[in-house]
Amino acid sequence: MAAKLDYHWHLRKVMADRGLFSTTDLIPLLDKRGITLSSSQVYRLVVERPERLSLKILMALLDILNCTMDELIEPTAAASAGTATRTKKAVDAEAGIGDLRPKRARISGFERP
């Protein structure tokens, strides 16, 4: 079976290495290269790991940051399904804290109309 591939996105680190500490610093630099993105789009591009990325945006980032693709994207092997499995619990499911439950608040001295 072929190994599943994953990647680490290092845009924030590369930006910091180049003295760009604010996500909005990228907006005019991208605009000079014909890429128009909103501040929220640029924020998500920097802070989150993109699942899809336009090659034009990637090439603009490489040009702006004067870096290689290896510095920006680090390929890694995906964690195996057995070790990275998260189990979702229902809203009222046992949280594993034993008998520690909050007590219902009782308001005294208040009369209902």
What side-chain donor-acceptor pairs closer than 3.5 Å can you find for residues 52-60, not counting sequence neighbours?
unit_1 : atom_1 : unit_2 : atom_2 : d
Ser54  : OG     : Lys56  : N      : 3.2

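The salt bridge (charged side-chain N to carboxylate O under 4.0 Å, His left out) contacts involving residues 31-45 comprise Arg33-Asp63, where partners must be two or more places apart or lie in separate chains. For residues 13-23, the salt bridge (charged side-chain N to carboxylate O under 4.0 Å, His left out) pairs, not counting sequence neighbours, are Lys13-Asp17, Arg18-Glu71.
Here Ile73 contributes atom CD1 and Cys67 contributes atom SG; the two are 9.0 Å apart, rounded to the nearest 0.5 Å. Atom CD1 of Ile35 sits about 11.0 Å away from atom CD of Gln41, to the nearest 0.5 Å.
Using a 4.5 Å heavy-atom threshold, the side chains of Val47 and Leu11 count as separate. The closest side-chain heavy-atom distance from Leu30 to Ile64 is below 4.5 Å.
For Ser22, the side chain to side chain donor-acceptor pair (under 3.5 Å) partners are Thr24, not counting sequence neighbours. With sequence neighbours left out, Glu74 forms a side chain to side chain donor-acceptor pair (under 3.5 Å) with His10. Applying the side-chain contact (heavy atoms from CB on, under 4.5 Å) criterion to Asp6, with sequence neighbours excluded, gives Arg49, Thr76, Ala78. The salt bridge (Lys or Arg N to Asp or Glu O under 4.0 Å) search around Asp25 returns none, not counting sequence neighbours.
A pairwise comparison of heavy atoms in Ile27 and Leu37 identifies CG2-O, 4.2 Å as the closest pair. Shortest non-hydrogen contact noted between Val42 and Thr23 is CG1-O, 3.1 Å.
With Trp9 contributing its side chain and Glu51 its backbone, the two residues share no donor-acceptor pair below 3.5 Å.
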